[in-house]
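Worksheet: one structure, shown below.
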Amino acid sequence: MGSGRVVLLAIAAGVLLLARCTKDDPAPGSGCDLTGIPYNPTPYTILKPDHFPQVPVPAGNPQTAEGVQLGRRLFYDPILSGDSTMSCSSCHLPQGSFTDNKAVSKGIDGIEGRRSAMSLLNIAYATNGLFWDGRAAALEDQALLPVEDPIEMHATWTQVVGRLRNHSEYPELFRKAFGISNCSQITKELAARALAQFERILISSGTSKFDLFTNGDAEFEDEELRGKLMFFDEGQNASPALPDAQCFHCHGGITLTGNNYFNNGLDSVGALSEFVDIGRGEVTKNPSDYGKFRAPTLRNIALTAPYMHDGRFATLEEVMAQYNDNGFGVSNEDIFVQQIGFPVTVGSTVHYSGLTAQQTKDVIAFLHTLTDTTFVNNPDIQDPFQ
Amino acid sequence: MLTNGVRCFCLYQTFLPTLNMKHRIVLFLLAALLPFAACKDEDPVTNTNNFTLTFRALYDGMPLEKYTNYSFGDKQVLYDKFNTFISNISLIKDGQEVLLSDIEWVNFTPDSAPDDRAVEVSFKYSVPDGDYTGLKLGYGVRADLNAKKPSDYPVGHPLYLETEYWPGWSSYIFTKVQGKVDLDGDNTPETSIFYHCGSDAVYNEATMNRTIRVAGDAALVVEFDLKKLFTFNGQLLDLTVPSNQVTSHDASNIALGQKVMDNFKNATILQ
């Protein structure tokens, strides 16, 4: 081999190495120095309606304007997926109250997941576990999981972090958000913290008809009011005309979810182990938790069809029809599923009537008052790339 | 005292140049006497220690388990939820109440439990040494705290819990006990029972007498027995009567809720 060839080979090898470094791998060595970029994080106060509780923010991840901006960008950027075609927002779109309006979502390989994308509205208040089964304790933990899920974004964090470190803009954004001094300090944990900061600002605007009514700034139509009385069982002496729909036991509180886990009577099984999807039981390993799922918020429920963890119901009417059947009596079924409607006593046994067609319409009319279009149209939470 | 002394010395230094000799002597004598005066007023040294208060749920003297059939007279019952607020937790000493906590939420059946056993719930307080003669508990949420709602409380406060507040009553749900009873005799509880008790009228307090010595780290276990909670004057609540199976959501019809809350003191055992 002549000396000219050796030189050419060395140059080629060098070029190849550089080419690799600008793709997915974490930058070797010192990476890039970011200390010339000012780090002056601006504290960010999460806006919330006055009648909402304070938004929980973990001490280890204080909200900053820069962190929220970075998180918003990451949320909408397909850079987080294996083939750069899918972002968090592919399954969590603002117009669907941060769902994708599909029964189950498909990942980058076209494989369908087994559960429906949950709404992220008021997710900051979900401090009793995330996902349908509660397998992530906090938003910072949750944000790490879809990236490496083979049926979701199917990437590796090593791959994604490499892209972020070598990106033309992200190192500066990470510097401004977290004060890192070098590209090599970009980590998946920082990316997850930024995503969590963005997700924490996804709070109701307080302008739904329900909120306006609650604050005395709007009046309900008759059917909406009847629906509310049945939803919260506020009808005095629960009469046949206004029976208890029992909704608020699982969908109570100002966010209309307690973020607790229930078997809400969807399936008839002979044994708890027969549930197709054991839900919360996958996390706790407790058979009594088989078939339980986290109750989703009912705020913006009219925008988040289809419904249930597997998207089995296309409409709210189908959901209500299911509940009107009062469950199947499975041993860990929530007791309130069996008590929807007006109680009819036969001897010592009480049966519940379910709701009439009109009462069902009334409850659905109330559910529509929970729609918050100001939230879904909020410019601060839209795709920054558009 | 040391801090006070240092502070006095600084003042002395600051104003010294402005004083004549007579005033300086008076000031010196006052300064010299100050430590003795301070020592005279000082409280006797009292140590404080960690005091651990643990709540435990029982059924008929045995640790409670969710979804487990228990005999209730000639019926079988099971429970899947039991939680309660306790206000004004105090130790009694010399007839005085030493407040440990304004409010705690005791949740025996959290979603995160790895199995069906009711969890023990413990709280730690800093308590002065001494011999106490009893423990006072307020069953429910005392009125001034119950007058507010979750959005009035900071994150992490027991009363921040949205799920334990019911706007229909303008009240927290003081206690939730839920389960099922077997009425058809097939040994499979099928009929829902629930007791959600709230509103100011059902709040009550009780003092349990017991010598509690706090010297070094100390602990006390408080048990609530569900069978006792539903035993009134020696008689089990008749669960074949539909109106005894559930508490009403009607704020003007709290009779059963009142009965249950009033009975909490009889279901409380100090270990």
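Owing to the predicted nature of the structure, the values given are computational and were not obtained by experimental measurement. By convention in this document, chain letters (A, B, ...) are assigned in the order of the sequence lines, proteins followed by strands, and residues within each chain are numbered from 1.
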Before giving the answer on side chain to side chain contact (heavy atoms under 4.5 Å, CB included), spell out for B:F194 and A:Q339 the whole-Å C-alpha distance, their side-chain angles and the decisive distance to 0.1 Å.
CA-CA 11 Å; B:F194 74 85; A:Q339 299 193 347; 3.1 Å; yes

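- For B:D184, the salt bridge (charged side-chain N to carboxylate O under 4.0 Å, His left out) test picks out no residue, with sequence neighbours left out.
- Of residues 260-267 of chain A, those residues with a non-hydrogen atom less than 4.5 Å from any non-hydrogen atom of chain B are, in numerical order, A:N260, A:Y261.
- Ranked by heavy-atom pairs under 4.5 Å with chain B, the first of A:T345, A:N128, A:I254 is A:I254.
- Note that the OG atom of B:S151 and the CG atom of A:D50 stand 9.0 Å from one another [nearest 0.5 Å].
- The shortest heavy-atom contact between A:I335 and B:G179 is CG2-O, 3.4 Å.
- Nearest heavy atom pair, residue A:Q338 against residue B:K180, reads NE2-NZ, 3.5 Å.
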May I have the list of side-chain donor-acceptor pairs in residues 57-66 of chain B shorter than 3.5 Å, sequence neighbours left out?
| unit_1 | atom_1 | unit_2 | atom_2 | d |
| --- | --- | --- | --- | --- |
| B:Y59 | OH | B:S71 | O | 2.9 |

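- More than 12 heavy-atom neighbours from other residues, nucleotides or ligands sit within 6.0 angstrom of CG on B:L270.
- Interface remark: B:D111 contributes backbone and side-chain atoms alike to the contact with chain A (heavy atom separation under 4.5 Å).
- B:T188 does not touch chain A: none of its heavy atoms, backbone or side chain, sits under 4.5 Å away.
- With a 4.5 angstrom heavy-atom cutoff, A:K292 touches chain B only via side-chain atoms.
- Using a 4.5 Å cut-off between heavy atoms, B:L78 makes no contact with chain A at all.
- Neither the backbone nor the side chain of A:V346 comes within contact range of chain B, judged by heavy atoms closer than 4.5 Å.
- Taken from CG in B:D152 to CD in A:Q54, the straight-line distance is 10.0 Å, to the nearest 0.5 Å.
- At a 4.5 Å heavy-atom cutoff, the contact between B:Q245 and chain A is made by side-chain atoms alone.
- Crowding of B:R142 atom CZ: a count of heavy atoms from other residues, nucleotides or ligands under 6.0 Å exceeding 12.
- Smallest separation of non-hydrogen atoms from A:P53 and B:Y160: CB-CE1, 3.4 Å.
- Counted within 6.0 Å of CD on B:Q271, heavy atoms from surrounding residues, nucleotides or ligands total more than 12; the atom is thus considered enclosed.
- Summarising the geometry of A:G258 relative to B:T163, their closest heavy-atom pair is CA-CG2, 2.9 Å, with the distance given to 0.1 Å.
- Contact annotation for residues 278-289 of chain A against chain B (heavy-atom separation below 4.5 Å, listed by residue number): A:R280, A:T284, A:N286, A:S288, A:D289.
- The contact between B:Y67 and chain A is made entirely by side chain atoms (from C-beta outward), counting heavy-atom distances below 4.5 Å.
- Within 6.0 Å of NZ in B:K149 there are 12 or fewer heavy atoms belonging to other residues, nucleotides or ligands.
- For B:V246, the part lying near chain A is the side chain, with the backbone staying farther off; criterion is any non-hydrogen pair under 4.5 Å.
- The CD atom of B:Q178 lies 7.5 Å from the NE2 atom of A:H249; values are rounded to the nearest 0.5 Å.
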